[in-house]
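In what follows, chains carry the letters A, B, and so on, assigned in the order in which the sequence lines appear, proteins first and then strands, with residues in each chain numbered from 1. Side chains are part of it too, since the values below use all heavy atoms of this structure and drop only hydrogens, waters and symmetry mates.
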Amino acid sequence: MNDEHTPTDFIREMIHADNESEKYGGRVQTRFPPEPNGYLHIGHAKSICLNFGLAEEFGGVCNLRFDDTNPVTEDQNFVDGIIEDIQWLGFEPNDIRYASDYFEQLYQWAESLIEQDLAYVDDQDAETISEQRGGFTTPGVNSPFRDRTVDENLALFRGMRAGEYADGEKVLRAKIDMNHENMQMRDPVLYRIRREHHFRTGTDWIIFPTYDWAHGQGDAIEEVTHSICTLEFDSHRPLYDWCLANLDLPRDTPEQTEFARLNLTHTVTSKRKLKSLVEDGSVDGWDDPRMPTLRGMRRRGYPAEAIRTFMDHIGVAKSNSTHDIELLESFIRTHLNKTALRRMGVLRPLKVVITNWPEGHSDMREAINNPEDETAGTRQVPFSGELWIEQDDFALDPPPKYYRLTIGREVRLRAGYFITANDVVTDDDGNVVEVHCTYDPETAGGQAPDGRKVKATIHWVSAATAVDATVHLYDRLFTDSHPGSGDTDPLSSLNPNARETVHAKVEPALGEVSGGDVVQFERLGYFAVDPDDTSVFHRTVGLRDEWANIQKRRKNS
RNA sequence: UGGCCAAUAGUUCAGUUGGUAGAACGCCAGAUUUUGAUUCUGGAGGUCGAAGGUUCGAUCCCUUCUUGGCCAACCA
């Protein structure tokens with residue numbers, strides 16, 4: 001392993017220390033534990049890279065464990081999708097487990113807790129229990145059912161399992177301390193009754209363990225050593241430890257460590273919020289390219305490898321942080337620059353007529369597929385007297401520093417000829433609809449024999465052989481850089497114009513692409529071919545655009 | 001109001017036996033360029049949240065304060 005690129009952080013240091021002290025006999029095991037109630041997003045990718053990465057680096061293993069303890073929201077589609085997404089990201093679970101695999105063991109352990117007089121059945125409703133929990137500065141109140149005998153509790157708990165009580169009628173609670181300064185320790189609920197169909201256990205169980213009763217035990221059963229989760233579980237750690245300490249376990253118990261979850265500007269990384277976008281139709285689905293989900297990013301053309309590189313780069317710490325989405329994009333560009341084939345596509349076409357081009361003649365130009373990769377070779381691009389160029393590449397009244405096409409100026413057509421604009425045709429509103437140019441036959445291939453230079457090279461597509469394509473251009477999904485900051489509703493800054501669709505003219509080679517391919521439209525950006533319709537392209541990310549910066553500066557000054 | 005966690009360039013992070021700060025991205029400038037891209041070179045940018053204390057010496061250790069985050073679901 002290359003030390004230079006091996007990230008170091010407080011978690012890796014801790015594991016090194018544990019290994020040196022032989023805490024787990026030098027063994028390292030982690031897990032990634034999603035609840036299958038939605039698809040994975042970029043925030044999960046950080047956790048996945050961390051957990052699987054740690055296992056790999058320290059010669060251990062990492063399981064995928066579905067935390068399926070709440071039958072209300074979970075289903076098999078999410079399980080399948082999550083497995084697929086992890087594989088796409090480039091990781092392979094050592095094993096795939098389910099918290100529901102452990103329901104019987106968890107139940108037995110709950111009985112043992114009752115036998116130790118460390119848990120009791122409470123008959124009160126959720127609202128009452130919540131009120132009795134007290135506040136941060138006020139002590140809680142003991143439940144009137146807190147002192148039931150072990151035998152009574154055991155009988156009641158067995159009755160809960162057997163279906164003798166209605167949903168919500170009784171819960172099992174840990175007997176810890178209603179006066180604890182940590183609210184999580186004020187007799188947390190361990191089991192609740194829910195007559196819901198569970199996607200794996202069906203109707204076998206009507207009582208379900210809560211997260212707190214399932215998670216640490218799941219870790220222990222799988223022999224996880226380092227249980228890594230996000231910061232908000234920090235206050236659960238004493239409870240995690242309490243549960244394990246009161247079970248008869250054969251080995252060292254796993255150790256929970258918290259890190260700061262990933263936040264990105266202009267992005268929401270909350271499964272619940274993303275779900276509402278899908279459900280209210282704000283986006284086309286979980287795999288909409290505007291979504292920060294792994295499947296959305298995949299459809300958009302984000303390479304998995306670039307996402308992993310990004311995660312390595314940002315590291316892991318305990319301070320809450322929000323990364324600039326542009327940083328992620330820079331990793332996407334860096335990756336795609338090296339790998340994407342170059343093609344020409346005109347997003348907003350403007351007709352160019354070459355007046356001195358021989359009538360009816362057409363020509364083939366040779367173009368380089370990827371200047372960053374010689375092995376990518378070249379291709380033939382048809383050229384003729386009628387072309388499409390980008391509307392932005394011609395200006396009747398050019399702004400300062402504009403050096404693209406304008407009347408009387410010569411520019412290069414990429415891989416083609418030098419052309420000079422002489423005249424325009426306008427419509428009734430004065431809009432330019434056609435530019436008349438002459439070309440210099442001596443400049444075939446893009447060089448002038450007399451050595452004269454042009455300041456600009458523009459892309460083009462021959463009109464006769466142009467292929468029609470639908471191209472989706474994406475902007476930030478949320479206009480606010482920190483959607484939901486303060487007490488605002490993140491959805492209030494949802495950008496209704498996050499997707500703009502244009503009808504483009506593209507070169508013939510783009511008619512022969514496969515779903516999922518990502519190419520560079522020269523001078524514009526990277527575009528991913530839609531997996532279901534190869535005439536549809538999604539703009540993955542634009543190229544860095546110095547000209548846009550110049551214009552922005554002019555506007556601001 | 002209580003507890004816990006955090007605070008270093010615009011942003012995210014390094015900075016470990018305590019010796020007054022580095023990287024990446026971004027920004028600016030130059031070179032190269034048949035992509036205003038890429039690549040290369042250089043530059044600007046920090047009273048290390050504040051105030052005390054320990055020490056010959058503190059970004060690092062201690063105290064207090066400030067600011068931000070999390071915690072009072074039968075969600076995870």
(request) Would you please name every residue forming a side chain to side chain contact (heavy atoms under 4.5 Å, CB included) with A/E164, sequence neighbours left out? (result) A/A162
(message) Would A/F136 count as stacking on B/U1 if stacking means ring centres less than 5.5 angstrom apart and planes tilted under 30 degrees?
(response) no
(message) Run the side chain to side chain contact (heavy atoms under 4.5 Å, CB included) test against A/A45 and tell me which residues pass, sequence neighbours left out.
(response) A/I42, A/L89, A/L294, A/I307, A/M311
(message) Between B/U8 and B/C60, how far apart are the two P atoms, rounded to whole Å?
(response) 13 Å
(message) Can you tell whether the side chains of A/R200 and A/D101 come within less than 4.0 Å, N to carboxylate O?
(response) yes
(request) Return yes if some donor-acceptor pair links the side-chain N/O of A/T138 with the main-chain N/O of A/G134 below 3.5 Å, else return no. (result) no
(request) For RNA chain B, produce a single dot-bracket line, 5' to 3'. Pairs: Watson-Crick or G-U wobble, both distances under 3.5 Å. Symbols: ( ) within strand, [ ] crossing, | other strand, . unpaired. (result) .((((((..((((.....[..)))).(((((.......))))).....(((((..]....))))))))))).....
(request) Looking only at side-chain atoms of A/Q184, point me to the closest of B/C27, B/A72, B/C74. (result) B/A72
(message) Given B/U11, B/C13, B/G36, identify the nucleotide with an atom nearest to the side chain of A/D324.
(response) B/U11
(request) Consider the side chain of A/V189, meaning its heavy atoms from C-beta on, and name the nucleotide among B/C75, B/C27, B/C74 that approaches it most closely. (result) B/C74
(request) With A/R97 as the cation and A/Y102 as the aromatic partner, state whether NZ or CZ is under 6.0 Å from the six-membered ring centre and within 45° of the axis. (result) no
(message) In terms of relative ring orientation, are A/H198 and A/F208 parallel, tilted or perpendicular, with 30° and 60° separating the classes?
(response) parallel
(request) Can you sort out the partners of A/H236 under side chain to side chain contact (heavy atoms under 4.5 Å, CB included), two or more places apart, ordered by chain and number? (result) A/Q184, A/Y211, A/D212, A/F233
(request) Considering only atom C1', compute the distance from B/C62 to B/U55 and round it to an integer number of Å. (result) 12 Å
(request) Hey, can you tell me if A/F78 and A/W286 have their rings parallel, tilted or perpendicular (30° and 60° cut-offs)? (result) perpendicular
(request) Would you mind telling me which of B/U35, B/G2, B/G36 lies closest to the side-chain atoms of A/W547? (result) B/G36
(message) Holding to ring-ring contact (aromatic ring centres under 6.0 Å, His included), I want the full list of residues that pass it with A/F32, two or more places apart in sequence or in another chain.
(response) none
(request) Quick one: list whatever passes side chain to side chain contact (heavy atoms under 4.5 Å, CB included) with A/T457, sequence neighbours left out. (result) A/R412, A/R414
(request) Just compare B/C28, B/C13, B/C74 and give me whichever is closest to any side-chain atom of A/S321. (result) B/C13
(request) Sequence neighbours left out, what pairs pass salt bridge (Lys or Arg N to Asp or Glu O under 4.0 Å) with at least one residue falling in residues 230-242 of chain A? (result) A/E232-A/R261, A/D234-A/R237, A/R237-A/E258
(message) Generate the contact string for nucleotides 37-42 of chain B. Rules: B means base contact, S means sugar-phosphate contact only, - means no protein heavy atom under 4.0 Å.
(response) SS----
So which protein N/O to nucleotides 3-9 of chain B N/O distances come out below 3.5 Å?
{"from": "B/C4", "atom 1": "O2'", "to": "A/D234", "atom 2": "OD1", "distance (Å)": "2.9"}

(request) Please identify each residue that fulfils salt bridge (charged side-chain N to carboxylate O under 4.0 Å, His left out) with A/R333, with sequence neighbours left out. (result) none
(message) Below 4.0 angstrom, which residues in residues 41-50 of chain A have at least one non-hydrogen atom near RNA chain B?
(response) none
(message) Salt bridge check, A/D393 against A/R348: does any charged N sit closer than 4.0 Å to a carboxylate O?
(response) no
(request) Assign B/A31 to syn or anti; the rule is syn for a glycosidic angle within 90° of 0 and anti otherwise. (result) anti
(request) May I ask you to say whether A/K170 pairs ionically with A/D123, meaning some side-chain N is under 4.0 Å from a carboxylate O? (result) yes
(message) Is it the case that over 12 heavy atoms from other parts of the model lie below 6.0 angstrom from the CD atom of A/Q76?
(response) yes
(request) Rounded off to whole Å, could you give me the CZ-to-C1' distance for the A/R133 and B/A73 pair? (result) 8 Å
(request) Would you please test A/R65 and A/D219 for salt bridge (charged side-chain N to carboxylate O under 4.0 Å, His left out) and show each step? (result) CA-CA 9 Å; A/R65 180 171 76 240; A/D219 288 343; 2.8 Å; yes
Might you list the N or O atoms of the protein lying below 3.5 Å from N or O atoms in nucleotides 43-45 of chain B, with each pair's distance?
none

